[in-house]
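Single-structure report; data block below.
Heavy-atom basis, side chains included; hydrogens, waters and symmetry copies ignored. Order of the sequence lines sets the chain letters (A, B, ...), proteins ahead of strands, with each chain counted from 1.
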2 protein chains.
Amino acid sequence: MSPRQSSRKSEGSDKVGTICRALRRAIIEQALEPGAKLPEDALGERFGVSRTIARHALGQLAAEGLVELRRNRIAVVATPSWQEARDAFDIRIELERLVVRQLAGRLSKNQIATLKTHVDAEDAARNGPDAVSIRLATEFHILLAQMTNSPILVRYVSEVAYRCCLTLSMFSRPHSSECAINEHRQLIAALAAGDEAKVMALMHTHLDSVASRALVTPAPPRGRDLLDILAPYADEEDNEPAAKPAKSARVRTAAE
Amino acid sequence: MSPRQSSRKSEGSDKVGTICRALRRAIIEQALEPGAKLPEDALGERFGVSRTIARHALGQLAAEGLVELRRNRIAVVATPSWQEARDAFDIRIELERLVVRQLAGRLSKNQIATLKTHVDAEDAARNGPDAVSIRLATEFHILLAQMTNSPILVRYVSEVAYRCCLTLSMFSRPHSSECAINEHRQLIAALAAGDEAKVMALMHTHLDSVASRALVTPAPPRGRDLLDILAPYADEEDNEPAAKPAKSARVRTAAE
DNA sequence: TCCGAAAAAAGTGCATGCATTTGAGGCGCA
DNA sequence: TGCGCCTCAAATGCATGCACTTTTTTCGGA
């Protein structure tokens, strides 16, 4: 049912990509909050595709860290812990410093104009809904990354920026982004001037202030995961060298 | 055949993950070279699963940048350009500096012992096949990342390290890794001493030297792909090409 | 012999079906 | 009222089938 097929012959499709983009956007605009359920059926029906495709899209988003996938359970929007959010911001700072370092003094007039136009759009949306402001602010950073012409950098900056957006949903209170807009303008000016050191410092303080505004709670609001709380205690080594598992000292992660 | 199931009772399955791990390993050990074809059927048969699963696994690896996926075409192992390789190393340097910054002076005795054991293993494999040396060297860096206990950092470092391995396959000649092993030992010592600045500098120069040994050819070596050779000529676009090509004559302009 | 077009083969894109698992309600029992 | 067991709807895990696209092979004609 719902044949949704435009029955175009060469239909560029990329249905998976479409779903991913839609969900990403919904997530960063906080239409989908952390913990929101994402059943495959519902997604498939909503986008007019089968569960197979919806599932694939969820897999991709999980690889980006925006979605949590647990076996035999409904996928949910990721709920990063406070520490994970902090880590994401730390990584983001380094990556974006790299971006502006590559960009300083190398932007064309066109590119600078593009950036200015974008910030103007941010300004115009200042009194609109928070969701739009947040999205535009994030897109400014992604725009910068794209100008490096480095696909890898674009991907990582985008991913980590989206993840940081997620943390805004979780820990931040009603956003006030005027200062951020101003900082964006300063960044553009420094980029145009080609002052590498200054632009890197600006980016650093900019993201740092965003982070500290976002992560208002100094203490981890943990309790999310018992294992996490117990981690420091489990670590205490009473000499049991490599007798057993190679990397016994690690408690969690299990990323391997 | 080759059911491969360890038939442990609750068998967490995770067939997709199994395939991903196997392929990643095959890629970094250069058993699968860049450009190698990865047909869904073949993978499915090899791992005893259906195409659906193999396809999903390929999707994940594509998200990590290890595999290239083109519509209606057989998936292939990614063939990063020289510039992409350079970008990957730049990112890697920043990420790993972050790793050792977090780790300096904070490692338990057990962890340091684990690291030393690993480097010993690298040493033992020094005269073995290159593939193993490369894998062990990469795993040393991933091991470090895991000790930060930051899942995000682990993911990014792993990904980018794998991508850098890929570039070894493409641009490097027979590896000689003795010095790298020595540098690993120095890193461990500095980490144990807790000298943050020194350990960051060490990591920087270590990766820099790996990169320059890997990326021996200043210009894209030889087109394994005709399209690649012709790219500069096909580009044209005389209208104001961005003042100055950012740090390279990049031809693709793919971003955006 | 060489070239180009048509047919066959191989491969991907996607939906659907069935088995399995989870989780929520219902029911009995104290 | 509260607690535990059972049952069933809902959702996932995965294989398979069919349509479509790309690649390879075949084959007739110059």
Side-chain angles (χ1 to χ4, degrees), chain A residues 1-23 32 35-63 66-79 224-225, chain B residues 1-23 32 35-63 66-79 224-227:
Chain A
M1 60 284 305
S2 96
R4 201 148 209 333
Q5 319 286 62
S6 35
S7 59
R8 258 335 154 357
K9 293 294 279 274
S10 63
E11 190 67 31
S13 279
D14 191 16
K15 299 163 187 271
V16 173
T18 303
I19 298 179
C20 283
R21 273 188 299 277
L23 288 183
L32 285 173
K37 291 181 180 176
L38 302 169
E40 297 174 359
D41 308 323
L43 289 175
E45 188 178 357
R46 181 68 189 79
F47 289 96
V49 298
S50 78
R51 275 204 312 123
T52 307
I53 305 304
R55 183 184 184 74
H56 204 88
L58 287 173
Q60 297 294 302
L61 293 171
L66 287 184
V67 159
E68 276 166 19
L69 234 42
R70 278 148 27 198
R71 192 177 173 80
N72 281 321
R73 282 191 184 65
I74 301 182
V76 296
V77 176
T79 60
R224 195 172 98 63
D225 185 343
Chain B
M1 69 141 189
S2 87
R4 202 156 202 336
Q5 320 287 61
S6 39
S7 28
R8 240 37 184 140
K9 44 159 187 195
S10 68
E11 187 61 33
S13 272
D14 192 14
K15 300 165 187 269
V16 173
T18 303
I19 298 179
C20 283
R21 273 189 298 277
L23 288 184
L32 286 173
K37 291 182 180 176
L38 302 169
E40 296 173 358
D41 310 326
L43 261 60
E45 188 179 355
R46 182 67 189 78
F47 289 97
V49 299
S50 79
R51 275 205 311 126
T52 307
I53 305 304
R55 182 184 186 74
H56 204 87
L58 287 173
Q60 297 294 303
L61 292 170
L66 287 184
V67 159
E68 276 166 19
L69 234 41
R70 282 155 5 189
R71 191 178 175 82
N72 280 319
R73 281 190 182 68
I74 303 181
V76 296
V77 175
T79 60
R224 40 191 323 112
D225 185 341
L226 185 64
L227 260 329

Taking the minimum atom-to-atom distance to the side chain of [X], which one of [options] wins?
X     : options                : value
B:R73 : D:dC18, D:dG13, D:dT23 : D:dT23
B:D41 : D:dG13, C:dT12, D:dT16 : C:dT12
A:K15 : C:dC14, C:dG13, D:dT12 : C:dC14

Round to the nearest Å and state the distance from [X] atom [atom1] to [N] atom [atom2].
X     : N      : atom1 : atom2 : answer
B:I53 : D:dT12 : CD1   : C1'   : 11 Å
B:R70 : D:dT22 : CZ    : P     : 11 Å
A:R51 : C:dG17 : CZ    : C1'   : 10 Å
A:E45 : D:dA10 : CD    : P     : 13 Å
B:I74 : D:dT22 : CD1   : P     : 13 Å
B:K37 : D:dT23 : NZ    : P     : 8 Å
A:D14 : C:dC14 : CG    : C1'   : 14 Å
B:E40 : D:dT21 : CD    : P     : 17 Å

Given D:dC14, is OP1 or OP2 found less than 4.0 Å from the side-chain N or O atoms of A:R71?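 True: A:R71 side-chain N/O within range (under 4.0 Å) of D:dC14 OP1/OP2.
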Begin from the C-alpha positions of A:T52 and A:K15 and carry the test side chain to side chain contact (heavy atoms under 4.5 Å, CB included) through to its verdict. CA-CA 11 Å; A:T52 307; A:K15 299 163 187 271; over 6 Å; no
Would you mind reporting whether [Y] and [X] have side-chain heavy atoms less than 4.5 Å apart?
X     : Y     : answer
B:L38 : B:L32 : yes
A:Q60 : A:L23 : no
A:L58 : A:E40 : yes

DNA chain C: 5'-proximal contact among A:V16 and A:N72 (nearest heavy atom):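 Closer to the 5' end of DNA chain C: A:V16.
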